[in-house]
Amino acid sequence: MMTKEQLAEIKARLAAATSGPWCSTAYHEDEHGPHIENEDEITVAVCSLSVPEHRANGSFIAHAPEDIAAMLSEIERLAAPVDVEKEVE
């Protein structure tokens, strides 16, 4: 089970990361591969092209901040106390 402290650490890392949304771009490639950038075109990571799965890895990394934020919200929703009176209505 994840503790409140672990969730707080994940939130802190998410908040400290380069602002998003991020995207995996094919138009900003160099000899190292496609860049993962934020909307201000700041490179946050570069994925190698040496293995076919790396483009998929780039997409996964690019979506990580949004996906993590959504999962944290869902965890908080599921962990919230249930209002029994509201549920009955």
Side-chain angles (χ1 to χ4, degrees):
M1 174 176 256
M2 189 171 285
T3 66
K4 289 181 181 180
E5 291 79 18
Q6 289 171 312
L7 287 172
E9 291 170 0
I10 293 168
K11 285 181 183 180
R13 286 191 294 270
L14 182 59
T18 302
S19 64
W22 297 356
C23 64
S24 180
T25 60
Y27 55 89
H28 283 125
E29 280 188 26
D30 57 22
E31 67 276 6
H32 304 291
H35 292 212
I36 297 169
E37 302 176 334
N38 72 353
E39 59 192 5
D40 296 324
E41 297 186 5
I42 296 172
T43 299
V44 295
V46 178
C47 293
S48 168
L49 292 175
S50 61
V51 178
E53 293 86 11
H54 288 185
R55 283 206 184 271
N57 293 345
S59 178
F60 178 79
I61 293 165
H63 288 93
E66 295 169 30
D67 294 346
I68 291 169
M71 286 188 284
L72 288 170
S73 292
E74 183 65 4
I75 289 168
E76 290 174 350
R77 185 188 71 79
L78 293 170
V82 175
D83 184 348
V84 176
E85 290 180 14
K86 187 175 183 179
E87 291 294 319
V88 172
E89 296 177 341

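Since we're looking at a predicted model, the values are computed, not measured. Sequential numbering from 1 along the given sequence is applied to the chain's residues.
- In plain terms, the two heavy atoms of W22 and I61 that are nearest each other are CE3-O, 3.5 Å.
- With sequence neighbours excluded, the residues forming a side-chain contact (heavy atoms from CB on, under 4.5 Å) with I68 are I10, L14, A64, M71, L72, listed by chain and number.
- When every heavy atom of Q6 is checked against every heavy atom of M2, the shortest pair comes out as OE1-CA, 3.2 Å.
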